[in-house]
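Atoms within each ligand, like the ligands themselves, are counted from 1 in listed order. The residues of the chain are indexed from 1 along the displayed sequence. Every heavy atom of this structure was used, including side-chain atoms; hydrogens, water molecules and symmetry mates were not.
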Amino acid sequence: MLKIGVIGCGAIGKEHIRRLMHLIPEAQVVACADYFYEAAQKTAELYGITHVFKTGEELIDCPEVEAIVITSSDASHAQYVLPAVKAGKQVFCEKPLAQSAADCEEIIREEVKHGQRLVQVGFMRRYDPGYAEMKRIIDSGELGEPLMIHACHRNVSQGEGFQTEMGITNVAIHELDICRWLLNDEYKNAQVLKVKQSALSNKGYDNPQIVLLETMNGSRIDVEVQVADGYGYDIQCQVVCEKGTLNLPDPASVVKRSCASSSFPIMTDWAQRFISAYDIELKDWVLNVLNGAPKGPSAWDGYAACVAADVLNQSRGTEQFLPVSMMDKPELYK
Ligand code: ISE
């Protein structure tokens, strides 16, 4: 049994607690924390969690907590991952690992010092059956070399406080991970373009944006990022290979034929769209940690995505590709 503490009792935090408590018999949530103490108390009551804290630091220090799930706000991730790694505890951190590549480097240095993997990043799309099958076919070599990826990431709307940069660090960060994973490649250069703006984006942030990437092996990637499309949560990905193309399937749903049209519903909630990926991901993390070490996306993967995100945000307005440069990869991640 893995005894887990969860830092952050917002929507995704509660979803992960429900998963850990109800779907994963090998896991038990023994502690939770939230800056809004009331949210932590309510969550603890709902799930019968013994230890309730106001700060993540107290939760990390709790002797009963063996492993930590971080689902607090993006900006606070690194501030909890670092002490957890220093304490030698296993950490599952929601994406992004940090707000900058520099913060990820600090986490990597600490983990390398520990000499063993302690961090998994919540890039759950790697566990989505659609993406996993695309990866299997690419790796089999059946379609020859991958040449290009055309992707789009569309959200219905954004809450207060959303900013242009978050279109990369919070939204497109998924594509920054999944594309390098699908291609087994790293990025060489990157730029983000502000294109014709949607009338739905009247709240001060860019929408849409287009992310362009070139990889070390010469593949090209374009990602349309719409953070307020007003119609649905729509994730598309097409990999163009030498001998064929691969398309990410839409989630299975009934196709309705009626009134001279054929249609299927599009979800609006990202947590529902990838619900099975989240389920598989957390179970995989718990079982591998119990077996000694996590096998999913590492701190290095979290770092690689953040390096590209930093470069993209620096490129905004320059209309130029900027080089993506990474530190040497430590042995631990090879
Ligand atoms: C959210 O955190 C996600 O992970 C979703 O996949 C993404 O579409 C959304 O924009 C993020 O806020």
Side-chain angles (χ1 to χ4, degrees), residues 6-19 34 69-78 80-81 92-99 120-132 151-182 192 198 200-201 203-211 223-237 248-251 266-282 285 296-297 301-302 305-306 308-309 312-313:
V6 177
I7 303 175
C9 298
I12 187 74
K14 281 191 280 210
E15 262 293 281
H16 282 348
I17 292 175
R18 179 191 61 75
R19 261 184 199 103
D34 200 291
V69 169
I70 299 174
T71 47
S72 51
S73 62
D74 289 6
S76 66
H77 288 178
Y80 298 128
V81 176
F92 176 94
C93 178
E94 261 309 327
K95 43 64 59 174
L97 176 58
Q99 287 293 81
Q120 177 159 330
V121 181
F123 287 131
M124 82 298 171
R125 288 193 188 180
R126 295 185 182 202
Y127 297 88
D128 173 74
Y131 278 116
C152 77
H153 187 149
R154 301 188 189 132
N155 284 192
V156 183
S157 60
Q158 297 300 331
E160 287 305 309
F162 192 85
Q163 291 165 3
T164 298
E165 291 73 19
M166 293 163 70
I168 307 300
T169 59
N170 177 267
V171 182
I173 197 89
H174 282 296
E175 276 75 16
L176 295 178
D177 178 65
I178 208 72
C179 290
R180 60 183 281 281
W181 180 71
L182 285 171
V192 68
S198 160
L200 293 178
S201 42
K203 294 204 183 124
Y205 48 75
D206 291 0
N207 177 49
Q209 306 187 66
I210 293 187
V211 165
V223 187
E224 172 206 312
V225 186
Q226 281 208 61
V227 294
D229 67 13
Y231 78 87
Y233 183 67
D234 201 0
I235 304 299
Q236 305 292 328
C237 179
L248 181 72
D250 284 310
I266 296 179
M267 292 177 174
T268 53
D269 177 357
W270 48 264
Q272 286 302 314
R273 163 66 180 86
F274 284 108
I275 195 159
S276 65
Y278 284 114
D279 290 350
I280 302 168
E281 166 196 57
L282 268 196
W285 176 68
D301 297 313
C306 283
L312 285 165
N313 277 331

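Using a 4.0 Å cut-off between heavy atoms, His174 contacts ligand 1 through its side chain alone, with no backbone atom that close. In Asn155, the part holding a heavy atom less than 4.0 Å from any atom of ligand 1 is the side chain.
The shortest N/O to N/O separation between Arg125 and ligand 1 does not fall below 3.5 Å. Annotation: Tyr233 places an N or O atom under 3.5 Å from an N or O atom of ligand 1; distance criterion only.
Numbered from 1 in the order shown, with element, the atoms of ligand 1 that lie under 4.0 Å from a heavy atom of His153 read 7 (C), 8 (O). Under a 4.0 Å criterion applied to the non-hydrogen atoms of Lys95, ligand 1 contributes the atoms 1 (C), 2 (O), 3 (C), 4 (O), 11 (C).
Judged purely by atom type and a 3.5 angstrom limit, Gln120 uses its side chain to pair as donor or acceptor with the backbone of Gly296.
A distance of 13.5 Å separates CG of Asp206 from CE of Met166, quoted to the nearest 0.5 Å. Note: Ser276 OG to Met124 CE = 10.0 Å, rounded to the nearest 0.5 Å.
Salt-bridge formation is detected for the pair Arg154/Asp234: a Lys NZ or Arg NE/NH1/NH2 atom is positioned less than 4.0 Å from an Asp or Glu carboxylate oxygen.
Among all heavy-atom pairs drawn from Ala228 and Tyr205, the shortest one is CB-OH, 4.1 Å.
When only non-hydrogen protein atoms are considered, atom 11 (C) of ligand 1 lies nearest to Asn170 OD1, 3.2 Å.
Defined by atom type and a distance below 3.5 Å, a donor-acceptor pair is present between the side-chain atoms of Tyr131 and Arg125.
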